[in-house]
Amino acid sequence: MKTKYYTKMLFPLSLFGFIFRVLEIMFAIEPESGFYYTESVIPLLCNIYNFLVIAFFISETFLIKSENKSLRKRFGSISGVDKVLMLFAAVFILANALNNFLFELNINYSYGSVNDIFSASPVYVLIFAGLSCIFLVFFSSAPKKYATSSFMSILSLSITVYYLIRLFTRFLDLNEILSKAYGTYTILLLGFIVLSCMNFSKIIAGIFSKKYFIAFGLCTAYLAIIHLAEFIMSFLPDNPYNISVDIFAYAADFFIAAVILRFVLVISKKIDKSEKTAESAVQNDVLTESNSLNG
């Protein structure tokens, strides 16, 4: 099966997943407690559907052949839309980290020393959020320059670490565990963002990881679209389903998922004739030069 079939299936599968999630929120979750209704069959059907969709996208890692050359140069041809999405992602990643840090500083903690500050996770989230912003801003400003930079491949790991810390923080938050009806998809989304960003860094480093990046990237995009159901329904009059929304976190996750999806489309596109002609011309020039030297 070709990669284009997987990317073309993303929208219809995401649409049905979004509808499933809306129905689940409306008819299968108790607004007061955030728990699922035990007698409802909708969560089971929804989980089965999501499992099958995610398994479908991950199957690409087994059915698609690995690339035979580095594809990192393709990221140098990203469009203006991609650059704007990266800048939006940078803004909201930093805003979310800064907002959480200030909240912890002013309300939950009374830091008595520098050691107290650096023992709290929001500080590390803020540090790696700042590094993530640096990467996103620099990369969007000169993609051709940084798409093949070893230093940028290392710096890009800051996004992976940022989301990894957020994922662990989510697991350790007892309130999130108790209300997992609204938190399950967030945890899944954060997990697949980590996997996608990690494989993106590998591609920039010149490591063959195309099929993994595409598979995990499509899963990320799918979960981000489903995740929008909670965000949209939280703005209904009087918030009847009692959904708590962190706008900065939702925006950061959505825009980074959008960036990942755009990069998936960039790296999965078929090489057009102009690219093939350019590559063959370069190869011919190299052969001609080597022949002249040998002669």
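Just so it is clear, the structure is predicted and the values come from calculations on it, not from any experiment. All values below were derived from every heavy atom in this structure, side-chain atoms included, with hydrogens, water molecules and symmetry-related copies excluded.
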If only side-chain N and O atoms count, and only distance matters, is there a donor-acceptor pair under 3.5 Å linking [Y] with [X]?
| X | Y | answer |
| --- | --- | --- |
| Ser156 | Ser201 | yes |
| Ser79 | Arg262 | yes |
| Ser234 | Tyr241 | no |

What's the shortest heavy-atom distance between [X] and [Y], and which atoms?
| X | Y | result |
| --- | --- | --- |
| Asn242 | Pro31 | ND2-O, 3.0 Å |
| Ile267 | Ile214 | CG2-CG1, 4.0 Å |
| Phe75 | Pro143 | O-CB, 3.6 Å |
| Ser59 | Tyr6 | OG-OH, 3.1 Å |
| Arg72 | Gly206 | NH1-N, 3.9 Å |
| Arg74 | Val266 | O-CG1, 3.4 Å |

Would you find more than 12 non-hydrogen atoms of other residues, nucleotides or ligands less than 6.0 Å from [X] atom [atom1]?
| X | atom1 | result |
| --- | --- | --- |
| Tyr49 | OH | yes |
| Phe11 | CZ | no |
| Phe16 | CZ | no |
| Phe138 | CZ | no |
| Phe151 | CZ | no |

Using the rule that Ile, Leu, Val, Met, Phe, Trp and Tyr join whenever any side-chain heavy atoms are under 4.5 Å apart, tell me whether [X] and [Y] fall into a single cluster.
| X | Y | answer |
| --- | --- | --- |
| Leu189 | Leu261 | yes |
| Leu71 | Val264 | yes |
| Ile207 | Phe200 | no |
| Ile134 | Val91 | no |

Verdict with supporting geometry, Phe57 and Leu10, side chain to side chain contact (heavy atoms under 4.5 Å, CB included): CA-CA 9 Å; Phe57 287 133; Leu10 175 62; 3.9 Å; yes

Do any N or O atoms from the side chain of [X] and from the backbone of [Y] form a donor-acceptor pair under 3.5 angstrom?
| X | Y | value |
| --- | --- | --- |
| Asn199 | Ser196 | no |
| Asn47 | Pro43 | yes |
| Ser140 | Val137 | yes |

Mind running side chain to side chain contact (heavy atoms under 4.5 Å, CB included) on Ile204 and Ser149 for me, showing each step along the way? CA-CA 7 Å; Ile204 295 182; Ser149 169; 5.9 Å; no

Please round to the nearest 0.5 Å and tell me the distance separating atom [atom1] of [X] and atom [atom2] of [Y].
| X | Y | atom1 | atom2 | result |
| --- | --- | --- | --- | --- |
| Asn99 | Asp246 | CG | CG | 6.0 Å |
| Thr3 | Ile64 | OG1 | CD1 | 4.0 Å |
| Thr169 | Tyr163 | OG1 | OH | 13.0 Å |
| Leu164 | Met198 | CG | CE | 9.5 Å |
| Phe231 | Ile243 | CZ | CD1 | 11.0 Å |

If you apply the rule ring-ring contact (aromatic ring centres under 6.0 Å, His included), what do you find for Phe263 with Phe213, and how did you get there? CA-CA 9 Å; Phe263 282 176; Phe213 175 64; 7.1 Å; no

Please lay out, stage by stage, how Glu230 and Arg21 fare under the test side chain to side chain contact (heavy atoms under 4.5 Å, CB included). CA-CA 8 Å; Glu230 300 172 14; Arg21 183 57 173 166; 2.4 Å; yes

Show, in sequence, the C-alpha distance, side-chain angles and deciding distance for Phe254 and His227, and conclude whether the ring-ring contact (aromatic ring centres under 6.0 Å, His included) test is met. CA-CA 9 Å; Phe254 176 79; His227 203 44; over 10 Å; no

Asp253 pairs by side-chain contact (heavy atoms from CB on, under 4.5 Å) with which of Asn96, Leu190, Ile93? Leu190

For Tyr212 and Glu60, run side-chain hydrogen bond (donor to acceptor under 3.5 Å, both in side chains): C-alpha distance rounded to whole Å, both residues' side-chain angles, the deciding distance at 0.1 Å, then the answer. CA-CA 8 Å; Tyr212 296 104; Glu60 182 177 2; over 6 Å; no

Kindly assign one of parallel, tilted or perpendicular to the pair Phe92 and Phe255, based on the angle between their ring planes and the thresholds 30° and 60°.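 Rings of Phe92 and Phe255: parallel, under 30°.
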
Classify the ring geometry of Phe216 against Phe192: parallel below 30°, tilted from 30° to 60°, perpendicular beyond 60°. tilted

Please test Tyr185 against Asn50 for side chain to side chain contact (heavy atoms under 4.5 Å, CB included), starting from the C-alpha separation and ending with a verdict. CA-CA 10 Å; Tyr185 291 97; Asn50 290 324; 2.8 Å; yes

Near-ring test Tyr146/Phe139, centroid separation under 6.0 angstrom: no

So, are Lys211 and Glu67 salt-bridged, with charged N and O less than 4.0 Å apart? no

